[in-house]
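Take a look at the structure below.
Scope of the values below: all heavy atoms of this structure, side chains included, with no hydrogens, waters or symmetry mates. Order of the sequence lines fixes the chain letters, A, B, ..., with proteins taken first and strands second; residue numbering starts at 1 for each chain.
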2 protein chains.
Amino acid sequence: MAHPAEPPRFTGSGKLRPEEQIYQEMLGAILDRRLEPGMKLIEEDLAKTFGVSRARIRAAFLQLAHDKLINLVPNRGAFVAEPTIDEAIEVFSARRMIEDGVVRKVTTHMNDDQAEQIRAHLQAEHKAHHEGDHRAAIILSGEFHLLLARLANNLVIEEFLERLILRSSLIIAMYESPQPADCSHDDHDALLRALTGGNPDEATACMARHLDNIRDRLQLQREKPGKTDFASIFGRRPTSKAG
Amino acid sequence: MAHPAEPPRFTGSGKLRPEEQIYQEMLGAILDRRLEPGMKLIEEDLAKTFGVSRARIRAAFLQLAHDKLINLVPNRGAFVAEPTIDEAIEVFSARRMIEDGVVRKVTTHMNDDQAEQIRAHLQAEHKAHHEGDHRAAIILSGEFHLLLARLANNLVIEEFLERLILRSSLIIAMYESPQPADCSHDDHDALLRALTGGNPDEATACMARHLDNIRDRLQLQREKPGKTDFASIFGRRPTSKAG
DNA sequence: TTTTACAAAATTGTTGACGATTTGCATAAC
DNA sequence: GTTATGCAAATCGTCAACAATTTTGTAAAA
């Protein structure tokens, strides 16, 4: 448990590190689509907005790029990521692999306390749903999966899944259907039953179905018009020289 | 396939980006134990060594910290990571989860070409082993697992496993037995047989055994004497004031 | 009219310097 | 002899300015 050098998220008197602050703000903006996929992120503008120097913004960019939420292009700058359809499919495929293991482990090691944690979380999800708080519902929905990872008792997996869920959120924001069904809390209920049932195969099947549901509800059929990719629209590559 | 903004690893005339260069050099030094776990990494010294400014070193630090190969402590600096025993166990546990899925997928989708790729790799492993090239053997051993991930055809998993394998290398370097058994290429041979056998359960069992072998060959019994953790030695937390 | 060449603007890449924090050491007090 | 205090060195955190690159706009030439 005792990591040698603890990474404190807070400095002395309890104020949030500005670095983390900026990262979180940009994260929220991207997931909310206030920053749209493909949008250029100009260092100086952001620096002025947050009242810091460009160096700080650059550090935040590196973090976001690592999470695949923005793209860093040398000498060109940073752009909000535009996950392709193939990428989206791979992310959900990866989640199936990871969460299969998570669910299997949680099912076999489930105890009363853990079951209670899940139930409490589901209650919060239902509350948000009934109150029509769509934003909270989406966040809680992601945190449900994170809770499962935490119960699997493996920090490595937990951190990776966290990144994957963030990426999923961007994908969902980019490809979601006009009328979001938002019925994943029902899936989560079923998942709890399967988890407490003690049958790993049943539980993993349930999780696989759930992730497929999310993916299939996305509109992954055609390229979104957000950033006009003329090459694909016109089905040809740009000619270097007309001749 | 067409990612909108391609992330070029090379600049114009084909020379490696200095950023990547520095990251790779430090990576190699850490995995070779030329930089020992716990060692302080002073920005200015490294900057002079590589002939760049501190900003560049800082960017490399962020990358390495993200891979958990160094620790960044605010106002104190960067230190080569000292993975704890618990961390080591978690990493190998995580790999079991991930590679379970990988092996399962590869087994069910194996074709002749893929089998040939694995065979070719194993041949290289054997060659390095017989020539006594221990360093190459270790690298190839890691790349074997990476090859499997690539054959699973999921970039997300592949990248994550790459990080995990790097971390494993540091753990192995830190905790390896005095006389390295280095017989993992036998395990890999068995793995190939299982993979081509077409039985996913057998193949995953084989991989699980292999990873457990690596882990169990480590000396994870007691704290290494490198960094004395008095708190754990004496089973108490340091008192802030005596009285 | 189209293409090319050139110039100007915007933006990123890089550096060196300055202030803040931590650490180590010497000195003094108990 | 041990503990507390204060100073000095080392190192990190931050910034603002300069250089290099890309992009955009304009005009001349084919």
_Rounded interatomic separation in angstrom, taking CZ from B:Phe79 and P from C:dT22_ = 13 Å
*For B:Arg54 and C:dT15, what is the distance between atoms CZ and C1' respectively, to the nearest whole Å?*
11 Å
*In whole Å, what is the span from the CZ atom of B:Arg56 to the C1' atom of D:dC12?*
19 Å
*Hey, which of B:Glu99, B:His145, B:Arg96 is the one that makes side chain to side chain donor-acceptor pair (under 3.5 Å) with B:His210?*
B:His145
*For B:Met39 and D:dT11, give me the distance from atom CE to atom P, rounded to whole Å.*
14 Å
*For DNA chain C, stems built from three or more consecutive Watson-Crick or G-U wobble pairs below 3.5 Å*: C:1-30 with D:1-30
_How many whole angstroms separate atom NZ of A:Lys48 from atom C1' of C:dT11?_
12 Å
*Which pair of non-hydrogen atoms, one from B:Leu35 and one from B:Leu41, has the smallest distance, and what is that distance?*
CD1-CD2, 4.0 Å
*Give the rounded distance in Å between these two atoms: CG of A:Leu62 and C1' of C:dG13.*
13 Å
*asked:* Checking the side chain of B:Asn154 only, and the main-chain atoms of A:Glu90 only, is there a donor and an acceptor separated by less than 3.5 Å?
replied: yes
*With sequence neighbours left out, write down each residue that passes side chain to side chain contact (heavy atoms under 4.5 Å, CB included) with B:Leu62, or none if nothing qualifies.*
A:Ala59, A:Leu62, B:Leu72
*Roughly, in whole Å, what's the span from CD1 in B:Ile57 to P in C:dG13?*
17 Å
_For A:Glu44, is the CD atom crowded, meaning more than 12 foreign heavy atoms sit under 6.0 Å from it?_
no
*Say whether, by atom type as modelled, one donor and one acceptor occur between the side chain of A:Lys40 and the main chain of A:Arg76 under 3.5 angstrom.*
yes
_Under 4.0 angstrom between A:Lys40 side-chain N/O and C:dT12 OP1 or OP2_ = yes
*Using salt bridge (charged side-chain N to carboxylate O under 4.0 Å, His left out) as the criterion, point out the one residue from A:Lys105, A:Arg150, A:Arg163 that pairs with A:Glu158.*
A:Arg150
_Taking the minimum atom-to-atom distance to the side chain of A:Glu43, which one of D:dC15, C:dG13, D:dG13 wins?_
C:dG13
*Using only side-chain N and O atoms of A:Arg76, determine if any of them is under 4.0 Å from OP1 or OP2 of C:dT12.*
no
*Quick one: A:Asn75 CG to D:dA19 C1', roughly how many Å, whole number?*
12 Å
